[in-house]
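Order of appearance sets the numbers: ligands from 1, and atoms from 1 within every ligand. Reckoned from all heavy atoms, side chains included, excluding hydrogens, waters and symmetry mates.
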Amino acid sequence: MTTRALIDKLESTQTLSREEFKELLYCDDDRLFERARSAADSVYGKNIYMRGLIEFTSYCKNDCLYCGLRTGNKKALRYRLSKHEILDCCEKGYALGFRTFVLQGGEDTYYNDDIMTEIVREIRATYTDCAITLSTGERGAESYARLRNAGADRYLLRHETANDGHYRSLHPENMSPANRKNCLYELKRLGYQTGCGFMVGSPGQTPDNIVDDLLFIKDLKPQMVGIGPFIPHSDTPFNGEKPGDLRLTLNLLAILRLMQPNLLIPATTALGTIDPTGREQGILAGANVVMPNLSPIEVRDKYLLYDNKICTGDEAAECVNCMRMRIKSIGYELVVSRGDFKNAVAPCPYPTKQAPPRQAASQHR
Ligand code: SAH
């Protein structure tokens, strides 16, 4: 099938066969981006949503082979933010226009359910018009339920890879692919707007693994999908591995957009790290969310998932201004909004009532 025919089929049926997915994944036809972008525009218009990322702890009990925060990395600098420090980040963020706060961290047992629910409850009470997103890894069903009751609206938990064998090659023995997926189904069941996702080009990833990821996403039907290139961290076992490919990441963003036009898809910091205009290219390939860093400047350079992470020396305000300018430069607008998932069917792009003819309007000038 021609690339054009593959794009048509994906757009009209929202899926492809395994072989067709693989063909589209590695195509170099920019029409894929154009079609994905117009699918995004038909649901979200020219709006790009922003989420304030608060990296609240760099401690982690897990030993994921790819991650700079892994417990085995004895060189990693560790910190924890107190509830007051987190609330300070929210206050700064609110003034800068953020209406979603994302609390992300390593799996740090210090933040047990009592402590975590207290933090969520207080943000909820203070910022009634904001969404609270958590990204604190695998927890029990009851823990997810308590946090939801305390006021958390959304949860990001990348599945990392849907293929069991590949999952096991990226994680220590005590972590299981089934548990990770079960967490995601549980989060959805509890009514969280749920985000899964994976790294592009993680060591050992095959084209078939990526198709497994797409099929898993099809089954889960998440509200958000976060993907970004894998980038090696020098103090992990994956030191010296190749980073993920820009073009493949962009193709995947576009494919996800065509599979599910109303998805919330971030142009990630990792994408901006492998290419100076990676995030802009991500938006032009179909992404509609950015996540500038709201963490206090003193801890920025201690939350290093991978090498060369961008924006580790900038104040939150600088990050937002820089992002606003970048988005404007490509014809989009960073908006002050919770930026919720749109459940409704996309509005018809062709209004039935015709606009008055241009000429008639200009005659009255
Ligand atoms: N502990 C939380 C947050 C993890 S960090 C959790 O388990 O969900 C957020 C994401 O960063 C991870 O899900 C992973 O996909 C990504 N990440 C980690 N190391 C990375 C690396 N070396 N390159 C690119 N992305 C990485």
With side chain to side chain donor-acceptor pair (under 3.5 Å) as the test, would you mind laying out the steps for Ser17 and Glu20 before giving the verdict?
CA-CA 5 Å; Ser17 73; Glu20 289 166 344; 3.3 Å; yes
Could you walk me through whether Gln104 and Tyr303 pass the side chain to side chain donor-acceptor pair (under 3.5 Å) check?
CA-CA 10 Å; Gln104 188 184 83; Tyr303 193 86; 2.9 Å; yes
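Atom 19 (N) of ligand 1 has its closest protein heavy atom at Tyr66 CD1, 3.4 Å. The protein non-hydrogen atom at the shortest distance from atom 11 (O) of ligand 1 is Leu305 CD1, 3.5 Å. For atom 12 (C) of ligand 1, the closest non-hydrogen atom of the protein is Glu160 OE2, 3.4 Å.
A heavy-atom separation below 4.0 Å is found between Pro229 and ligand 1. Within the 4.0 Å heavy-atom cutoff, Lys309 does not count among the residues contacting ligand 1. Within the 4.0 Å heavy-atom shell around ligand 1 one finds Gly105.
Among His233, Glu55, Met199, the residue whose heavy atom lies closest to atom 17 (N) of ligand 1 is Met199.
Taking the six-membered ring where the residue is Trp, Tyr111 and Phe56 present perpendicular rings, their angle passing 60° and hence far from 30°.
A cation-pi arrangement is not found for Arg51 relative to Phe101, the charged atom failing to lie both closer than 6.0 Å to the ring centre and inside a 45° cone about the ring normal.
When only interatomic distances are considered, the shortest N/O to N/O separation between Thr136 and ligand 1 does not fall below 3.5 Å. Distances between N or O atoms of Ile231 and those of ligand 1 include at least one value under 3.5 Å. At a 3.5 angstrom cut-off on N or O pairs, Tyr306 does not count as close to ligand 1. Of the polar atoms of Ser135, none of the N or O atoms is found under 3.5 Å from an N or O of ligand 1, judged by distance alone.
Side chain of Tyr44 to backbone of Lys342: a donor-acceptor contact under 3.5 angstrom is found. Remark: the backbone N or O of Glu138 is paired with a side-chain donor or acceptor of Glu107 at under 3.5 angstrom. With hydrogens and angles ignored, the 3.5 Å screen pairs a side-chain donor or acceptor of His166 with a backbone N or O of Pro203.
Short contacts between ligand 1 and Cys67, defined as distances under 4.0 Å to a heavy atom of the residue, involve ligand atoms 19 (N). Residue Arg158 has at least one heavy-atom neighbour below 4.0 Å for each of these atoms of ligand 1: 13 (O), 14 (C), 15 (O), 16 (C).
When heavy-atom distances to ligand 1 are checked against a 4.0 Å cut-off, Arg180 comes that close only through its side chain, counted from C-beta outward. The side chain of Gln104, and not its backbone, has at least one atom closer than 4.0 Å to an atom of ligand 1 (non-hydrogen atoms only; side chain from C-beta on).
In summary, Arg154 and Asp340 engage in a salt bridge, as defined by a charged side-chain N under 4.0 Å from a carboxylate O.
At a distance under 4.0 Å, a protein heavy atom can be found next to atom 24 (C) of ligand 1.
Among the candidates Thr57, Leu77, Leu81, the single residue satisfying the side chain to side chain contact (heavy atoms under 4.5 Å, CB included) test with Val299 is Leu81.
For Arg18, the CZ atom counts as densely surrounded, since its 6.0 Å shell holds more than 12 non-hydrogen atoms of other residues, nucleotides or ligands.
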